[in-house]
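So the structure is just underneath, and the comments pick up after that.
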Amino acid sequence: MDRWDQLNALFKQTNAKITFGLNALIGKRKSDNSTLWVGEWNSKNARDFMKYTASKGYMIDSYELGNELCASGVSARLEADQYAKDIIQLKEIVKELYPDRETQPKVLGPAGFYDTEWFKTFLEVSGPHVVDGVTHHIYNLGAGVDKTLINKIQDPYFLDEIAETFKDLENVVKEFGPWAGPWVGESGGAYNSGGKDVSHTFVNGFWYLDQLGMTATFNNKVYCRQSLIGGNYGLLNTTSFIPNPDYYGALLWHRLMGNTVLATNHFGSPYLRTYTHCSKKKPGITMLIINMSNSTSIDVSVTNDENKYPHSYRMTVNGSNQREEYHLTPKDGNIQSDVVLLNGTPLQLTSSRDIPPLNPKIVDSSSPIRVAPDSIVYVTIRDFKAPACA
């Protein structure tokens, strides 16, 4: 068994979904402009690679063309209409090499930073059912070396600023590419490998989990975190491979939060963030509650929203008795700790290097949810009746 076969077997065992990025500049040349590349894409290298993976029966989720070439680009850029023509060519190759629609990999692009006019042109020129995921990159925290990075992560007003990008992209895709969906194809919070003493610690979860909730609210279908391993923002420690706090926050999201997003409002502190989904593989709802305040505990009660908003779902409580709570807090109250506690117990790998059990505490639902300062809480209420979750 060669290395690729071994990797393919591992991917199947872990249910991993594999996306390959393809070089979009082969065949092109630099124009007189220092960053603009022009000319037709030479797809031979990409075709040979895809033909090999198809012949081996490898299950590829998607192919993405290029990296950070849209709008002003990063080091290099392409015009939207030319990139659209290139991705049409990629789609034709995928359809030829993977004729079975059930197993045909998706086509993704443009894999860069959002610009309204560029994305509109790209979707208009590429046309219906060419691109499956409209991928964009988000590094809204700025540079990892920024001394104010930890303050930005705890500033709800700063975190709210990126919402306009998500809203604009949702609307553009809805109007010009309704067959596709927006994807966050890469996001690490702070670029250039993140912040040395920040991005791998508990406090980073305020930005990360808040953005997971926000992007889901704006109909992003996928969120790809930069990175699993590597840089200061890796989900795993780069030398020991021990999970950093964001790994456990993401794992609880994956296990608890379903795909259906419910409208959620609160009228408390701006440092309190709340998101609600139908529960995953359970009845009822699951809430994500983030308290960014470093001094104030908050009691949260869940009530009927009376369906005041036309696009929200009506939610009603029906005789609830117990709920499941997962409280994440930093070790010793230090938000720059790389050890996270679940309901007061440090999360550490078992003696066999497995992920420890992530068990909730069971709470009487008649009491409010007590959210401590500098904490993140997932709450599952099984008998909360939301029509969208039926």
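Count residues from 1 along the sequence. Given the structure is predicted, the values throughout are model-derived calculations rather than measurements.
- Each of Arg255, Lys361, Arg382 was evaluated against Glu324; a single residue qualifies, Arg382, per the salt bridge (Lys or Arg N to Asp or Glu O under 4.0 Å) test.
- For the pairing with Tyr83, the ring-ring contact (aromatic ring centres under 6.0 Å, His included) check across Phe119, Trp118, Trp37 returns one residue only, Trp118.
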- How far apart are the C-alpha atoms of Ile355 and Tyr247, what are their side-chain angles, what is the distance that settles it, and do they pass the side-chain contact (heavy atoms from CB on, under 4.5 Å) test? CA-CA 10 Å; Ile355 298 298; Tyr247 179 92; 3.6 Å; yes
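- Residues Leu209 and Leu212 are in side-chain contact: their nearest non-hydrogen atoms beyond the backbone lie under 4.5 Å apart.
- Taking the six-membered ring where the residue is Trp, Tyr191 and Tyr139 present perpendicular rings, their angle passing 60° and hence far from 30°.
- In this structure, CH2 in Trp183 is found 13.5 Å from CG in Leu169, a value given to the nearest 0.5 Å.
- Of the possible donor and acceptor atoms, one in the side chain of His266 sits under 3.5 Å from a partner among the backbone N and O of Leu272.
- A distance-only check finds a donor-acceptor pair linking the side chain of Gln336 to the backbone of Asp197 [under 3.5 Å].
- A donor-acceptor pair under 3.5 Å is formed between the side chain of Thr264 and the backbone N or O of Leu262.
- Taking the six-membered ring for Trp and thresholds of 30 and 60 degrees, Phe49 and Tyr63 have ring planes more than 60 degrees apart, a perpendicular arrangement.
- Here the side chains of Pro182 and Asn220 are in contact, with some heavy-atom distance below 4.5 Å.
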- Tell me, with the steps shown, if Lys120 and Asp168 meet salt bridge (charged side-chain N to carboxylate O under 4.0 Å, His left out). CA-CA 11 Å; Lys120 282 182 181 179; Asp168 285 353; over 6 Å; no
- Under the side-chain contact (heavy atoms from CB on, under 4.5 Å) rule, what do Leu78 and Lys28 come out as? Steps first, then yes or no, please. CA-CA 10 Å; Leu78 297 175; Lys28 299 182 184 294; 3.6 Å; yes
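- A distance-only check finds no donor-acceptor pair linking the side chain of Ser297 to the backbone of Ala372 [under 3.5 Å].
- Using a 4.5 Å cut-off between side-chain heavy atoms of Ile, Leu, Val, Met, Phe, Trp and Tyr, with links allowed through other members, Ile298 and Met292 fall into different hydrophobic clusters.
- Of the inter-residue distances, the one linking Met59 atom CE with Asn15 atom CG reads 11.5 Å to the nearest 0.5 angstrom.
- The minimum heavy-atom distance between Met214 and Ile162, with the atom names listed, is SD-CG2, 3.8 Å.
- Shortest non-hydrogen contact noted between Ala250 and Tyr208 is CB-OH, 3.6 Å.
- Grouping the Ile, Leu, Val, Met, Phe, Trp and Tyr side chains by contacts below 4.5 angstrom, directly or via other members, places Leu251 apart from Val339.
- No donor-acceptor contact under 3.5 angstrom links the side chains of Ser375 and Thr329, judged on distance only.
- Summarising the geometry, atom CD1 belonging to Ile289 is positioned 8.0 Å from atom NE2 belonging to His327; distances are rounded to the nearest 0.5 Å.
- Residues Val363 and Val379 fail the side-chain proximity criterion, which asks for heavy atoms closer than 4.5 Å.
- Atoms CG and CG, on Leu347 and Leu341 in that order, are 7.0 Å from each other to the nearest 0.5 Å.
- Side-chain atoms of Gln154 come within 3.5 Å of backbone atoms of Ile150 as a donor-acceptor pair (strictly under, hydrogens ignored).
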- Assess whether salt bridge (charged side-chain N to carboxylate O under 4.0 Å, His left out) is satisfied between Glu164 and Lys167, documenting all intermediate values. CA-CA 5 Å; Glu164 196 63 32; Lys167 180 180 178 181; 5.0 Å; no
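- Judged purely by distance below 3.5 Å, without hydrogens or angles, the side chains of Asp210 and Tyr275 pair a donor atom with an acceptor atom.
- Under the 4.5 Å side-chain contact rule for hydrophobic residues, Ile93 and Ile87 share a cluster.
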- Item | Stepwise side-chain contact (heavy atoms from CB on, under 4.5 Å) test for Tyr233 and Asn244 | CA-CA 9 Å; Tyr233 43 35; Asn244 287 321; over 6 Å; no
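- Between Trp253 and His277, the angle of the ring planes goes over 60°, which puts this pair in the perpendicular group of the 30/60° scheme.
- Residues Ala111 and His137 share a closest heavy-atom pair of O-CE1, 3.1 Å.
- Considering all non-hydrogen atoms of both residues, Ala46 and Leu22 come closest at CB-CD1, 4.1 Å.
- Tyr223 and Tyr378 fall within a single hydrophobic cluster, where Ile, Leu, Val, Met, Phe, Trp and Tyr side chains are chained together by heavy-atom contacts under 4.5 Å.
- No side-chain donor-acceptor contact under 3.5 Å links Thr35 to the backbone of Ala76.
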- Show your working on side-chain contact (heavy atoms from CB on, under 4.5 Å) between Lys280 and Thr286 and close with a plain yes or no. CA-CA 8 Å; Lys280 186 175 184 178; Thr286 296; over 6 Å; no
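- Closest non-hydrogen pair, Leu256 versus Thr380, comes out as CD2-OG1, 4.2 Å.
- Under the 4.5 Å side-chain heavy-atom criterion for Ile, Leu, Val, Met, Phe, Trp and Tyr, Val130 and Val222 are members of distinct hydrophobic clusters.
- A distance of 10.5 Å separates CD of Glu186 from CD1 of Ile138, quoted to the nearest 0.5 Å.
- The only member of Thr215, Thr217, Asn171 that meets side chain to side chain contact (heavy atoms under 4.5 Å, CB included) when paired with Phe166 is Thr215.
- Annotation: side chain of Tyr98 is not in contact with side chain of Thr103 (no heavy-atom distance under 4.5 Å).
- One N or O on the side chain of Ser31 and one on the backbone of Leu36 form a donor-acceptor pair closer than 3.5 Å.
- Put simply, the side chain of Asp364 gets close to the backbone of Ser366: a donor and an acceptor are under 3.5 Å apart.
- At most 12 heavy atoms of other shown residues, nucleotides or ligands fall within 6.0 angstrom of atom CG in Asp32.
- Side-chain atoms of Asp338 and Ile242, non-hydrogen and from C-beta on, never get closer than 4.5 Å to each other.
- We find the NE2-CD distance between His136 and Glu68 to be 12.5 Å, quoted to the nearest 0.5 Å.
- Annotation: side chain of Leu288 is in contact with side chain of Ile376 (closest heavy-atom distance under 4.5 Å).
- Side-chain polar atoms of Gln211 and Asn140 form a donor-acceptor pair below 3.5 angstrom.
- Here the options are Phe202, Trp207, Phe206, the test is side chain to side chain contact (heavy atoms under 4.5 Å, CB included), and the partner is Asn204; only Trp207 passes.
- Val377 has its side chain out of reach of Asn291: every pair of non-hydrogen atoms, C-beta onward, lies at least 4.5 Å apart.
- Between Val172 and Tyr114, the closest side-chain pair of non-hydrogen atoms falls below 4.5 Å.
- By the 6.0 Å contact criterion, CG on Asn259 is open, its count of non-hydrogen atoms from other residues, nucleotides or ligands being 12 or less.
- Contact record, Ser199 with Asp246: O-OD2, 4.2 Å, taken as the closest heavy-atom pair.
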- Test Lys85 against Asp81 for salt bridge (charged side-chain N to carboxylate O under 4.0 Å, His left out), laying out the working first. CA-CA 6 Å; Lys85 294 173 185 176; Asp81 56 351; 5.1 Å; no
